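Computed from a prediction, not measured in an experiment: that's the story for all the values here. Values below: all heavy atoms of this structure, side chains included; hydrogens, waters and symmetry mates excluded. Residues take their numbers from the sequence shown, with the count starting at 1.
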Amino acid sequence: MTGKPPDPNATPARPSVLSLAIKEKAALYAAYMPFLKHGGMFVPTVKPYKLGDEIYLILALMDDPNKYPIAGKVAWITPAGANNNKAQGIGVHFPDDETGHRAKLRIEEILGAALRSSRATHTL
């Protein structure tokens with residue numbers, strides 16, 4: 001099979017758009033990734049991604065009427081069949097900008113003291 005070389009004039013692939021609606025505090029705790037520098041969110045997905053892929057995440061948090069549009073990057077991958085029956089998906093690292101800071105602050109405000117818990121999460 002022969003393939004053509006990549007076209008240097010082609011427009012780069014647009015970031016994938018994912019949406020995640022968190023309905024309860026326990027689910028938010030399990031998905032939030034506070035160990036990433038600007039915070040991040042685990043997003044269950046079966047679509048294959050690579051580290052560094054750009055993701056446009058639309059995040060809805062429980063009763064908050066605001067949606068949080070976040071242009072982040074894949075910083076974590078949990079493949080299918082991972083140990084301990086972890087959910088397959090990706091960790092999206094929030095950007096160091098206003099949208100990333102807003103999402104991180106809101107999540108940490110909702111979680112409060114739960115952030116110091118030792119309960120298992122989707123990541124660590």
Under 3.5 Å, which donor-acceptor pairs link side chains of residues 35-49 to any protein atom two or more places apart or in another chain?
unit_1	atom_1	unit_2	atom_2	d
T45	OG1	K47	N	3.1
K47	NZ	S16	OG	2.9
Y49	OH	S16	OG	3.3

Report summary line: Between G72 and V92, the two heavy atoms sitting closest are CA-CG1, 3.9 Å
Report task. Please name the pair of heavy atoms, one in M33 and one in G91, separated by the smallest distance, quoted to 0.1 Å. Result -> SD-CA, 3.5 Å
Query raised in the report: Do L105 and Y29 sit in the same hydrophobic cluster, where Ile, Leu, Val, Met, Phe, Trp and Tyr count as joined when their side-chain heavy atoms come under 4.5 Å apart?
Result: no
Report summary line: To the nearest 0.5 Å, atom CE of M62 lies from atom CD1 of I110 at 4.0 Å
**Report entry** Rounded distance [0.5 Å steps], CD1 in I55 versus CD1 in I90
**Finding:** 4.0 Å
Report summary line: Correct closest heavy-atom pair for T78 and A87 would be CG2-O, 3.2 Å
Query - K73: side-chain contact (heavy atoms from CB on, under 4.5 Å) partners, not counting sequence neighbours - result: E54
Query - Fellow cluster residues of V17, listed by chain then number, with links counted only when side-chain atoms sit under 4.5 Å apart - result: Y56, I58
Query raised in the report: Sequence neighbours excluded, which residues qualify as side chain to side chain donor-acceptor pair (under 3.5 Å) partners of D63?
Result: none
Report summary line: Interatomic distance, CG@L51 vs NE2@H93, rounded to 0.5 Å, equals 12.5 Å
Report summary line: Closest non-hydrogen atoms of K67 and A60, given as atom of the first, atom of the second and distance, are CD-CB, 4.0 Å
Requested in this report: Measure the shortest side-chain to side-chain distance between K50 and V74 over non-hydrogen atoms and say whether it is less than 4.5 angstrom.
Outcome: no
**Report entry** Distance, nearest 0.5 Å, that separates CG of L20 from CD1 of I22
**Finding:** 4.0 Å
Query raised in the report: Should K104 and E108 count as an ion pair when the cut-off is N to O under 4.0 Å?
Result: yes
Query raised in the report: How would you list, by chain and number, every residue that makes a side-chain contact (heavy atoms from CB on, under 4.5 Å) with D64, sequence neighbours excluded?
Result: L61, N66, Y68, R106
Report task. Using the test side chain to side chain donor-acceptor pair (under 3.5 Å), find all partners of S19 that sit at least two apart in sequence or belong to another chain. Result -> none
